[in-house]
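Shown next, in structure tokens, is the structure this report addresses.
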Amino acid sequence: MGLIARRVEADGIPTTSLTSALSITRSVNPPRAVFLDYPLGHTAGKAQDPALQREIVAAALTAVGELEQPGAVKMLPYRWSGDDDWKRETMLCGDTRSYRSSSPEYQCEADRALAAAAGDCPTCIFL
Amino acid sequence: MTTRRPPVDHIVRTRDLYSSLGHDPYRWVRNDGPPPWTELAKPLRECRVGLVGSGGVYRAGQVAFHHRDDISLRVIDTSVPVSELRTSHFAYDQTDARADPNVVFPVDTLRTLVAEGVIGELSPRAYAFMGGIYSARRVRDALAPEISRRLAEDEVDLALLVPV
């Protein structure tokens, strides 16, 4: 996503990027980033906690007026849990990626039927 | 007293994973020097905000992502009820994102911030794809210009990017 942030910004639109992968963000170097120290898959907050989600997304948006140095990263104070044991587990859990096939992987079979019934998908952009 | 650990280093994590599978180390993009920079042209409360998320979100009725280097894009109407949002991603635990898509695609959250007057409006279209694309070249040459062009067409003043 950092590459996209850089392109959008270069084309004249300011960007702000949430991130939970600090080393990747530092390496790819988007214009502005806001770091949330959570496990991957929660970049905009915890499930079913709209108040916290609101704080996190608002912090990402207001960062645009606060970060003055290109490439700066704002650090958010939120913690995923009282201890950080989840980080050790993340490093230990090996390859959890799904099998890489070329057919669409639907969340549920009903979605496959819906997509088939819809026919051509004008909002699906295949590059 | 609870232990505070440093952030998970996902570059090290993928390097270890690749070497355990016998692959060459993945070469992450490294951009040194100051990145591109555009100043916000108006106060946040007047801005039209565009959302781009790479959590593999699609809307029921759309074609889902496949898990073999899919670089396709889904255009999602931002008036969508989150109950119609789905996820398909090869690399992260989607349990929470499926229970509450706002954790990777914060449309309800942004609608709240519009209602509060923190931002002016939410662009009518958001963009979703599946992050973890192996080829930086394909992102740079195909996906990034396509997203940038669409955000400009939507006349957004600011883009919020939510990677996974």
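Below, chains carry the letters A, B, ... as their sequence lines are ordered, and counting in each starts from 1.
- The parts of A:Thr16 that come within reach of chain B are both its backbone and its side chain, each placing non-hydrogen atoms under 4.5 angstrom from that chain.
- Of the atoms belonging to A:Ser20, it is backbone heavy atoms, and not side-chain ones, that fall under 4.5 Å from chain B.
- Only the backbone of A:Pro30 comes within less than 4.5 Å of a heavy atom in chain B; its side chain stays farther off.
- For the residue pair A:Ser102 and B:Arg68, the shortest heavy atom distance occurs at OG-CD, 3.1 Å.
- Here A:Asn29 contributes atom CG and B:Asp32 contributes atom CG; the two are 7.5 Å apart, rounded to the nearest 0.5 Å.
- Put simply, the side chain of B:Asn31 gets close to the backbone of A:Val28: a donor and an acceptor are under 3.5 Å apart.
- Taking chain A as the reference chain and counting heavy-atom pairs below 4.5 Å, the highest number among B:Ala144, B:Ala41, B:Pro163 is found for B:Pro163.
- A donor-acceptor pair shorter than 3.5 Å cannot be found between the side chains of A:Gln107 and B:Ser88.
- Within the 4.5 angstrom heavy-atom criterion, atoms from both the backbone and the side chain of A:Ser17 approach chain B.
- If you measure heavy-atom distances from A:Pro50 to chain B, you find no contacts under 4.5 Å at all.
- In this structure, chain B has no heavy atom under 4.5 Å from any part of A:Thr25.
- Pairs of residues two or more places apart, or lying in two chains, that qualify as ring pair (Phe, Tyr, Trp, His ring centres under 6.0 Å) and include a residue from residues 91-132 of chain B are B:His89-B:Tyr92.
- A donor-acceptor pair is defined here as one N or O able to donate and one able to accept, closer than 3.5 Å; no such pair exists between the side chain of A:Thr123 and the backbone of B:Arg74.
- Side-chain atoms of B:Asp9 never come within 3.5 Å of backbone atoms of A:Ser23 as a donor-acceptor pair (strictly under, hydrogens ignored).
- With a threshold of 4.5 angstrom between heavy atoms, A:Cys124 approaches chain B through its backbone and through its side chain.
- Counting heavy-atom pairs closer than 4.5 Å to chain A, the top residue among B:Thr112, B:Ile71, B:Asp16 is B:Ile71.
- Side chain of B:Thr109 to backbone of A:Val57: no donor-acceptor contact under 3.5 angstrom is found.
- Both the backbone and the side chain of B:Ser72 come within contact range of chain A, judged by heavy atoms closer than 4.5 Å.
- Residues A:Gln48 and B:Ala99 share a closest heavy-atom pair of NE2-O, 3.2 Å.
- Using a 4.5 Å cut-off between heavy atoms, A:Asp37 contacts chain B through its side chain alone, with no backbone atom that close.
- Note: A:Glu105 CD to B:Asp70 CG = 10.5 Å, rounded to the nearest 0.5 Å.
- Only the side chain of B:Val139 has a heavy atom closer than 4.5 Å to any heavy atom of chain A.
- Interface residue B:Val52: backbone and side-chain heavy atoms are both found under 4.5 Å from chain A.
- With a 4.5 Å cut-off on non-hydrogen atoms, B:Ser54 touches chain A through its backbone and its side chain both.
- Contacts of A:Phe35 with chain B are made by side-chain atoms alone, with heavy-atom separations under 4.5 Å and no backbone atom involved.
- Residues A:Leu67 and B:Trp37 approach most closely at O-CH2, 3.4 Å, considering heavy atoms.
- Using a 4.5 Å cut-off on side-chain heavy atoms (C-beta onward), A:Cys121 and B:Gln62 make contact.
- When each of B:Leu17, B:Leu21, B:Thr14 is scored by its heavy-atom pairs under 4.5 Å with chain A, the top score falls to B:Leu17.
- Heavy atoms closer than 4.5 Å to chain B are found in both the backbone and the side chain of A:Ala115.
- Counting heavy-atom pairs under 4.5 Å between each of B:Ile76, B:Leu143, B:Val118 and chain A puts B:Leu143 at the top.
- Taking the centre and axis of the six-membered ring of B:Phe90, the NZ or CZ atom of A:Arg100 falls inside the cone set by 45° and 6.0 Å.
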- Item | Pair B:Val12-A:Met91, side chain to side chain contact (heavy atoms under 4.5 Å, CB included): steps then yes or no | CA-CA 9 Å; B:Val12 170; A:Met91 291 304 281; 4.1 Å; yes
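- Counting heavy-atom pairs closer than 4.5 Å to chain A, the top residue among B:Val164, B:Ile133, B:Ile11, B:Val8 is B:Ile11.
- Taking the ring axis of A:Trp86 as reference, the NZ or CZ atom of B:Arg5 does not stay both within 45° of it and closer than 6.0 Å to the ring centre.
- Most heavy-atom pairs under 4.5 Å with chain A: of the set B:Arg138, B:Glu39, B:Glu116, this distinction falls to B:Glu116.
- The shortest heavy-atom contact between B:Val103 and A:Gly41 is CG2-O, 3.5 Å.
- Between B:Ala159 and A:Val8, the shortest heavy-atom distance links the atoms CB-CG1, 4.5 Å.
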- Task: Could you go through the side chain to side chain donor-acceptor pair (under 3.5 Å) check for A:Gln53 and B:Asp100 one step at a time?
- Result: CA-CA 11 Å; A:Gln53 292 166 5; B:Asp100 181 0; 2.8 Å; yes
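- In terms of heavy atoms, A:Ile125 sits closest to B:Glu146 at CG2-OE2, 3.8 Å.
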